[in-house]
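Chain letters run A, B, ... following the sequence lines, proteins first and then strands; every chain starts at 1. Just the heavy atoms: all of them, side chains too, but no hydrogens, waters or symmetry mates, feed the values below.
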There are 2 protein chains.
Amino acid sequence: MFDVLRNHIEKKVSLTDDEFAQASALFTIRKLKKKQFLLQQGDVCRYESFVVTGCLKSYHTDDQGVDHVLRFSVEYHWAGDLDSFINKTPSSFNIEAMEPVTLLVIDEPSLDQLYQCVPKLETFFRLLNQNALIATSQRVIKNLSIPASERYHLFLQANPHLVQRIPLKDIASYLGITPVFLSKLRREKPGF
Amino acid sequence: MFDVLRNHIEKKVSLTDDEFAQASALFTIRKLKKKQFLLQQGDVCRYESFVVTGCLKSYHTDDQGVDHVLRFSVEYHWAGDLDSFINKTPSSFNIEAMEPVTLLVIDEPSLDQLYQCVPKLETFFRLLNQNALIATSQRVIKNLSIPASERYHLFLQANPHLVQRIPLKDIASYLGITPVFLSKLRREKPGF
DNA sequence: TTTTACACTTAAACCAGGTGAAGAAAACCG
DNA sequence: CGGTTTTCTTCACCTGGTTTAAGTGTAAAA
């Protein structure tokens with residue numbers, strides 16, 4: 001369980017046994033059933049969560065009741081709303097388990113404490129957010145410059161595993177199109 | 001000149017004179033004329049740049065030759081391509097001065113060194129990227145959930161100063177619409 | 001002073017993608 | 001297994017936004 005987390009962290013910074021012990025003491029295990037919520041829009045996000053098994057989606061429900069998927073979090077990735085977590089503001093996201101999920105969660109005071117005790121972990125989370133920022137910026141540009149059909153095929157290539165696991169309507173939502181239109185795309189350009 | 005940078009940093013973390021001296025020794029002053037490039041698509045981004053005066057745009061030119069603006073960097077903000085800067089890969093962005101610009105620039109080895117000597121500055125840049133990630137994520141959701149006309153008015157409200165400084169076509173590009181359509185929007189819903 | 005260049009507007013034809021409704025196919029659950 | 005719910009598809013029609021192309025205003029270059 002915790003060794004998965006250690007493995008994940010040590011891909012970016014190396015830790016002594018003692019340092020990792022300090023860290024793991026601050027995480028707790030949490031399980032969710034399919035369709036359970038880790039966070040509901042309007043609530044404050046109290047935890048950053050490392051996904052050990054399963055898959056979650058983070059999505060915003062707009063005033064017309066339409067969902068827009070920001071990201072999927074699968075094994076060895078993180079789930080949470082950074083804005084709400086840091087600033088203690090009501091979140092504008094739902095985070096929902098798409099499958100039974102096992103998480104290692106940490107709250108904000110503990111994470112702060114961890115940064116003090118083990119500065120290497122501040123570096124780790126800095127790198128994590130740096131990569132997330134890079135990926136999100138690329139997504140903005142792709143959404144602006146690439147038509148939906150191509151965005152769909154790029155998504156398929158980049159996430160062949162995900163497509164088997166999650167409903168198409170959620171992929172459509174992630175891509176910024178309707179399920180109806182995605183269906184049309186699949187009919188027109190099959191294969192690939 | 002450098003006091004502007006210090007002021008900016010101390011909004012997030014406080015520094016001793018000595019700590020700031022170590023930092024400022026690693027930055028150098030750079031000036032650009034209007035229309036000069038800080039970075040050209042395809043080159044590796046060697047510097048993170050703090051904007052003292054002026055305004056720049058970061059944009060990607062797609063295979064059809066169309067520009068897509070990722071961000072504007074004005075006074076007391078930063079310019080650079082994080083992906084290219086960190087990973088030393090050819091950048092997919094141009095960064096161009098829209099006005100005469102004065103910058104304080106730092107290269108990657110120096111920044112790394114700075115993180116070692118003054119850990120508080122690692123915290124500072126972590127917070128900076130954290131905020132950028134939050135803002136960029138919100139932009140993804142807004143682009144997916146809000147129609148162009150509303151996005152335009154939100155942009156006006158949020159950046160009243162910018163609109164006076166930069167061409168409308170660049171705002172259109174930032175919003176993900178054509179200048180022609182932006183012009184139509186302005187005609188239909190004037191005022192505000 | 002004239003020329004060139006670029007930003008902005010207008011209008012009309014066009015298309016990528018959305019809407020609503022309704023059925024077929026899967027997936028879920030007792 | 002059988003019934004319910006959810007997902008996926010199809011079709012007919014609609015709209016927000018693009019494209020192309022022409023015209024105007026302005027500022028800088030020559």
Side-chain angles (χ1 to χ4, degrees), chain A residues 32-37 54-55 57 59 61-69 72 94 96-101 142-156 162-191, chain B residues 33-36 55 57 59 61-69 72 94 96-100 142-156 162-191:
Chain A
L32 294 178
K33 292 178 198 162
K34 185 169 177 170
K35 294 202 177 174
Q36 264 195 309
F37 286 80
C55 175
K57 60 177 169 183
Y59 61 98
T61 306
D62 70 23
D63 354 286
Q64 271 121 131
V66 181
D67 294 344
H68 304 277
V69 173
F72 302 105
N94 299 288
E96 183 184 338
M98 307 179 75
E99 305 169 355
V101 156
K142 280 185 185 149
N143 282 177
L144 295 182
S145 61
I146 301 181
S149 62
E150 200 173 332
R151 250 152 49 218
Y152 169 61
H153 286 101
L154 287 174
F155 185 89
L156 287 198
L162 255 191
V163 184
Q164 318 301 109
R165 281 170 83 170
I166 70 186
L168 282 170
K169 73 175 175 87
D170 289 322
I171 297 178
S173 170
Y174 178 89
L175 294 174
I177 59 181
T178 58
V180 177
F181 186 62
L182 179 54
S183 192
K184 195 193 282 187
L185 288 181
R186 281 154 59 84
R187 185 187 344 149
E188 286 165 2
K189 318 192 185 175
Chain B
K33 293 177 198 162
K34 185 170 174 169
K35 296 202 178 173
Q36 261 195 310
C55 176
K57 61 177 170 182
Y59 62 97
T61 306
D62 70 23
D63 353 288
Q64 271 121 131
V66 181
D67 293 345
H68 305 277
V69 173
F72 301 105
N94 299 288
E96 182 184 339
M98 308 178 74
E99 305 168 354
K142 281 185 185 150
N143 282 175
L144 295 182
S145 61
I146 301 180
S149 63
E150 200 172 331
R151 251 154 46 222
Y152 169 60
H153 287 100
L154 287 174
F155 184 88
L156 287 198
L162 255 192
V163 184
Q164 319 301 108
R165 281 171 82 169
I166 70 187
L168 281 170
K169 75 179 173 86
D170 289 323
I171 297 179
S173 171
Y174 178 88
L175 294 173
I177 58 179
T178 57
V180 176
F181 187 61
L182 180 53
S183 191
K184 193 196 280 188
L185 288 181
R186 281 156 58 84
R187 188 186 341 152
E188 285 164 3
K189 320 190 185 177

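Listed in residue order, the members of residues 174-183 of chain B having a heavy atom less than 4.0 Å from DNA chain D are B:G176, B:I177, B:T178, B:V180, B:F181.
With no hydrogens or angles considered, a side-chain donor-acceptor pair links A:T61 and A:D67 at under 3.5 Å.
Residues A:E96 and A:K35 come closest through the heavy atom pair OE2-CA, 3.7 Å. The nearest pair of heavy atoms linking B:I146 to B:L154 is CD1-CD1, 3.8 Å. Between A:L144 and B:Y174 the shortest heavy-atom distance is CD1-O, 4.1 Å. Heavy-atom minimum distance, A:E99 versus A:G54: OE1-CA, 3.5 Å.
If you measure from atom CD of A:Q64 to atom C1' of C:dG18, you get 13 Å, rounded to the nearest angstrom. A straight line from CZ of A:R165 to P of C:dA26 spans 22 Å, rounded to a whole angstrom. Counting to the nearest Å, the P atom of C:dG17 and the CG atom of A:L185 are 7 Å from each other. When rounded to the nearest whole Å, the span between CD of B:E188 and P of D:dG17 equals 10 Å. Summarising the geometry, the separation between CD1 on A:I171 and P on D:dT7 is reported as 13 Å, rounded to the nearest angstrom. Distance, B:K35 NZ to D:dA28 P: 11 Å, rounded to whole Å. Look at NZ on B:K169: it is 9 Å from P on C:dC6, rounded to the nearest Å. Look at CD1 on B:I146: it is 17 Å from C1' on D:dG17, rounded to the nearest Å.
Using a 4.0 Å heavy-atom distance criterion, A:K34 is classed as a sugar-phosphate-only contact.
The phosphate of C:dT9 has OP1 or OP2 within less than 4.0 Å of a side-chain N or O from B:R186. A close approach under 4.0 Å does not occur between any side-chain nitrogen or oxygen of B:K184 and OP1 or OP2 of C:dA11.
Each of D:dC11, C:dC6, D:dC8 was ranked by its minimum atom distance to the side chain of A:R187; first place goes to D:dC11. For B:P167, whose side chain is taken as the heavy atoms from C-beta onward, the closest listed nucleotide among C:dC8, D:dG17, C:dT10 is C:dC8.
Both tests pass for B:K57 against the ring of B:Y59: distance under 6.0 Å to the centre and angle within 45° of the axis.
No donor-acceptor pair under 3.5 Å is formed between the side chain of A:E188 and the backbone N or O of A:L185.
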